[in-house]
Structures are given as structure tokens and as C-alpha cells.
Amino acid sequence: VARCLQTLNNFNCLMALLSSLNITTGRLTGCWNSIPLKMKKVYDDQLDLMSSTKNFMNYRKHLNTITSKEPTIPLLAIILKDLVVLDEVMPSLCPSPINERISMINFEKCITFSNRINSVLYYQEAWRNIPHNQNIIDLILRTEVWEDEDSLYWISKFRDMKSKET
């Protein structure tokens with residue numbers, strides 16, 4: 001699933017999946033040990049891509065290689081963090097070059113905000129021409145949904161016990 005999400009450039013769901021796997025793998029050692037080394041390598045590569053090291057440097061580099069023709073769902077948390085940092089770091093007002101007692105709107109901040117928001121719109125261009133895939137829609141509609149955490153916990157515990165038996 002994670003490989004498909006990466007291929008589809010769905011980085012928001014990829015990060016959610018990797019985060020949930022990272023949390024649960026400590027408890028589900030039996031299941032985790034049964035995964036082939038090749039799949040663990042793919043998982044490690046994806047963890048490296050989505051690593052928060054150096055302000056998500058690997059993710060940002062990869063994102064810059066994607067063209068507007070490729071549908072992309074960027075990591076929303078990074079975009080929001082960037083906007084918050086811009087808002088905190090750059091002053092909304094700046095002194096007038098003529099009279100320092102008069103404050104002016106900091107248009108550099110406005111332009112920087114605009115550029116960051118436009119980068120999100122850049123990735124949305126490709127979504128306009130994608131036809132619906134009925135096979136995917138049917139798969140999603142057939143997928144089991146577990147809404148409460150207790151059920152999920154007991155199902156994962158049961159599956160972990162079964163994997164230890166084999």
C-alpha cells in the first residue's frame with residue numbers, strides 16, 4: 001500500500017501510513033518479523049524519504065522533482081508549518097523608508113505567502129483531467145471499516161498471535 005501511495009504521489013496518506021506502522025511495529029513483532037527483507041528495505045527507503053531530519057529535506061527535494069502533470073497530494077502538515085513559520089518570522093508591518101514612525105504593509109510577506117500557496121495549487125493542476133476508476137471506487141466501498149480502537153486492538157492482537165503460531 002505504501003509503495004502505491006508513493007507511486008501516486010500521495011505523500012499525506014503515505015506519512016499517515018508510515019507513522020501508524022512505526023507505532024504498531026513495536027508491539028506486533030511476530031507480524032513484523034514475517035515481512036520479507038525486500039519489503040523492509042522499501043519501508044526503510046520510504047521512512048528515509050519522509051524523515052523529519054533537516055526540516056524534511058529528502059521529502060522537499062523529491063517534491064521539487066515532480067512536474068505539474070503528475071497528480072500530487074503533498075504533506076499538508078509541512079505546508080501548514082511553513083505558513084505558520086512565515087507568519088511568525090516575517091513582520092506584517094515594516095517601517096516606511098521615508099518616515100520610520102509610519103508603518104507600511106510588508107508586501108514581501110504577502111508575496112512569500114502567495115508563493116507558498118501557489119506551490120500547493122501547482123500540484124493540483126493534474127487532478128483536473130483524471131477519470132474516475134470504478135475498480136478503485138469498488139475496492140474502497142468493499143473495505144472493512146473499524147471505527148473503534150478496542151476492536152482494532154483486539155483484531156491486531158489476534159492476528160499477531162496467529163502469525164507467531166505459523
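Since this is a predicted model, take the numbers as computed values, not measurements. Values reported hereafter were calculated over all heavy atoms of this structure, with side chains retained and with hydrogens, waters and symmetry mates removed. Position 1 is the first residue of the sequence, and the numbers go up from there.
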#### Entry: Ile78, Leu18, Asn58 screened by side-chain contact (heavy atoms from CB on, under 4.5 Å) with Met50, the one that passes
Leu18
### Message
Which residue in the set Ile73, Asn9, Leu63 passes side-chain contact (heavy atoms from CB on, under 4.5 Å) when paired with Tyr123?
### Response
Leu63
### Query
Under the salt bridge (Lys or Arg N to Asp or Glu O under 4.0 Å) rule, what pairs show up with a residue in residues 47-63, not counting sequence neighbours?
Arg60-Asp82
### Message
Give me each pair satisfying salt bridge (Lys or Arg N to Asp or Glu O under 4.0 Å) with a member in residues 33-45, each pair once, sequence neighbours excluded.
### Response
Lys41-Asp45
Going hydrophobic residue to hydrophobic residue with side-chain gaps under 4.5 angstrom, can you get from [X] over to [Y]?
X: Val120; Y: Leu86; answer: yes
X: Ile98; Y: Met104; answer: no
X: Leu17; Y: Tyr43; answer: yes

Would you mind reporting whether [Y] and [X] have side-chain heavy atoms less than 4.5 Å apart?
X: Val84; Y: Glu88; answer: yes
X: His62; Y: Thr65; answer: yes
X: Phe11; Y: Ile66; answer: yes
X: Gln134; Y: Asp138; answer: yes
X: Tyr122; Y: Thr72; answer: no
X: Pro74; Y: Tyr59; answer: yes

To the nearest 0.5 angstrom, please state how far the [atom1] atom of [X] sits from the [atom2] atom of [Y].
X: Thr112; Y: Met90; atom1: OG1; atom2: CE; result: 4.0 Å
X: Met15; Y: Asn10; atom1: CE; atom2: CG; result: 12.5 Å
X: Arg3; Y: Met39; atom1: CZ; atom2: CE; result: 4.5 Å
X: Thr7; Y: Leu14; atom1: OG1; atom2: CG; result: 10.0 Å
X: Ile111; Y: Lys109; atom1: CD1; atom2: NZ; result: 13.5 Å
X: Leu141; Y: Ile136; atom1: CG; atom2: CD1; result: 12.0 Å

### Closest contact, heavy atoms only, Asn106 versus Cys94
CA-SG, 4.0 Å
### Minimum heavy-atom distance between Asn12 and Ala77, given as atom pair plus value
OD1-N, 4.4 Å
### Query
Any side-chain donor-acceptor pair under 3.5 Å between Asp148 and Ser151?
yes
### Message
Within the supplied structure, the quantity of interest is the number of heavy atoms (other residues, nucleotides, ligands) at a distance under 6.0 Å from Leu139 CG; does it exceed 12?
### Response
yes
### Task
Would you please name every residue forming a salt bridge (Lys or Arg N to Asp or Glu O under 4.0 Å) with Lys69, sequence neighbours left out?
none
